[in-house]
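Below is one structure, written out as structure tokens; comments come after it.
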Amino acid sequence: MNLKLIKENVNKVVELCEYLDIKIAAVTKLICGNPQIVEVLVESGIEMLSDARIENIKKYKHINIPKMMIRLPMRSQVDQVVEFCNVSLVSDLEMMRLLSESALKRHTIHDVIVMIDMGDLREGIFYEDNIHTTINRARDLSGIRIIGIGTNLSCYGGVMPTQEVLENLVALKETLNNNYGLDMKIVSGGNSGTLSLLMNEGKLPKGINQLRLGASLFMGIGLNDEPIEGLNHNAFRLVCEVIEVKKKPSVPVGKIGLDAFGNKPVFEDKGDIVRCICGIGKQDVSPSNLIPIDKDIVILGGSSDHLILDVTQSKTDYQIGDDMVFELTYGGCLSLMTSDYVQKRLLYAE
Ligand SMILES: *Cc1c(COP(=O)(O)O)cnc(C)c1O
């Protein structure tokens, strides 16, 4: 993980958002809440930290800035959420009641942002469904303060953040404030996909004043995992070790059953090839999420602990013990960061 590249991304995005009066909640799930990286975020001007998992947020509980839970809280974790977070994203009256009770027990007030599902079909009150009843009833809960509404897009259903969808969200906040005498200030307009909209089209509807950003800060990617221009895209790399190099057939020998994952494998016969095995496997990352730096290598597949490559066309003569280097997709990075078997090394320069 190259912290210099991450820092440059954060500096750029912070500057842009500051200029537009948009607050950033940095999302730390991609780095599993790694406190050393979180320190770098805070040094670079990040003023709020957030994560989908309370376990990650607890890792940086000593860093004294506001924290937000961005996955709907689990009933079994309500007390922890209130203890370690200042804000939660919520979509359910019952959950707001539980948070309120827990906050009152701790003699605090817990802030909530009510999630609206604008069509992506992940979390949130489905647009216009029963938003009014929920907000109206939630006003009576004295342990919570409703500080805004928000949405998440381009995650499950792939619904794109557009000016129109986000304008509707801003308008809804105004309506709710007027109808229920609320003073909600925040409209949380989405993830790095929404930052793409801002950076590509040069604007977001006025009134969107919070973005929850992970992929863009760490990997420089946004909507559809496409690179955002002006950001660094290579802060994360996987280095793994070659454990076997041998010339063997390209098609298995014998009667073919199922592989270790229950699939029937298919093979293309290219005659004998130079096959290279690396000491990493599907328990750590799916081979389809790795991009070899050596463009002459083809990823053939893997098993739980082995990654198998065709290095026949490579100009490098790989030997046991050599490093094999890969760039990563978002999904690849996420699962590698989660694997305890992968050492995490921080670089402070290029
Ligand atoms: C993961 C997540 C984000 C951050 O998404 P990125 O694409 O990494 O910017 C924002 N909001 C919610 C609710 C999330 O779960």
Side-chain angles (χ1 to χ4, degrees), residues 1 6 9-10 12-14 16-17 22-34 37-38 41 46 48-57 67-74 77 81 85 87-92 95 111-125 148-161 165-166 169 186-200 204 208-228 231-233 235-236 289 328-338:
M1 296 173 268
I6 294 173
N9 285 354
V10 177
K12 262 195 199 145
V13 177
V14 164
L16 174 72
C17 288
I22 298 170
K23 298 270 184 234
I24 300 171
V27 177
T28 56
K29 64 192 178 204
L30 188 64
I31 52 156
C32 300
N34 181 313
I37 307 180
V38 167
L41 299 178
I46 290 294
M48 178 182 253
L49 297 166
S50 63
D51 205 288
R53 295 165 193 260
I54 195 70
E55 295 82 357
N56 290 345
I57 291 177
K67 301 178 186 83
M68 176 160 77
M69 181 70 184
I70 60 167
R71 181 167 69 187
L72 306 176
M74 292 194 227
Q77 296 184 338
V81 168
C85 305
V87 193
S88 296
L89 304 184
V90 295
S91 68
D92 185 273
M95 180 46 63
D111 289 341
V112 298
I113 293 178
V114 179
M115 291 301 272
I116 313 293
D117 181 345
M118 305 297 282
D120 196 55
L121 299 183
R122 208 178 73 178
E123 73 274 44
I125 304 174
I149 62 173
T151 197
N152 196 63
L153 296 161
S154 63
C155 258
Y156 176 72
V159 173
M160 309 245 288
V165 168
L166 295 172
L169 191 67
I186 295 174
V187 183
S188 191
N191 52 32
S192 296
T194 306
L195 183 71
S196 288
L197 178 75
L198 171 63
M199 293 183 81
N200 292 343
L204 274 187
I208 298 290
N209 54 19
Q210 184 191 76
L211 293 178
R212 308 177 306 270
L213 304 178
S216 49
L217 300 181
F218 296 115
M219 302 186 74
I221 56 177
L223 197 58
N224 305 330
D225 285 354
E226 280 159 15
I228 299 175
L231 298 182
N232 299 315
H233 313 118
F236 292 78
N289 284 327
L328 308 167
T329 65
Y330 177 82
C333 195
L334 191 67
S335 63
L336 286 163
M337 291 299 292
T338 309

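Ligands are counted one by one from 1 in listed order, and the atoms in each one are counted from 1 as well. We use all heavy atoms of the structure for the numbers below, so side chains are in, but hydrogens, waters and symmetry mates are not. As the structure is a prediction and not an experimental result, all values here were calculated from the model.
Of the protein's non-hydrogen atoms, the one nearest atom 11 (N) of ligand 1 is Arg212 NE, 2.8 Å. Nearest non-hydrogen protein atom to atom 3 (C) of ligand 1 is Lys29 NZ, 3.7 Å. If you check which protein heavy atom lies closest to atom 8 (O) of ligand 1, you get Ala215 N, 2.8 Å.
Below 4.0 Å from some heavy atom of Glu123 lie the following atoms of ligand 1, by number and element: 13 (C). Against a heavy-atom cut-off of under 4.0 Å, Ser192 is close to the following atoms of ligand 1: 6 (P), 7 (O), 9 (O). Ligand 1 places these atoms under 4.0 Å from at least one heavy atom of Leu213: 9 (O). Interface atoms of ligand 1 facing Arg122, defined by a heavy-atom separation under 4.0 Å, are 12 (C), 13 (C), 14 (C), 15 (O).
Inter-residue side-chain proximity for Ile22 and Leu204 is flagged as met; some heavy-atom pair is nearer than 4.5 Å. Side chains of Val13 and Leu217 form a contact here, defined as non-hydrogen atoms less than 4.5 Å apart. Counting heavy atoms from C-beta outward, Ile57 and Met69 have side chains that approach closer than 4.5 Å. Between Met118 and Leu169 the shortest side-chain heavy-atom distance falls below 4.5 Å. Gln210 places a side-chain heavy atom less than 4.5 Å from the side chain of Met68.
Any N or O atom pair closer than 3.5 Å counts here, and Gly214 shares at least one such pair with ligand 1. No N or O atom of Asn191 sits closer than 3.5 Å to an N or O atom of ligand 1.
Atom CD1 of Ile149 and atom CD1 of Ile113 lie 10.0 Å apart (nearest 0.5 Å).
Annotation: side chain to side chain donor-acceptor pair (under 3.5 Å) contacts of Glu123 (sequence neighbours excluded): none.
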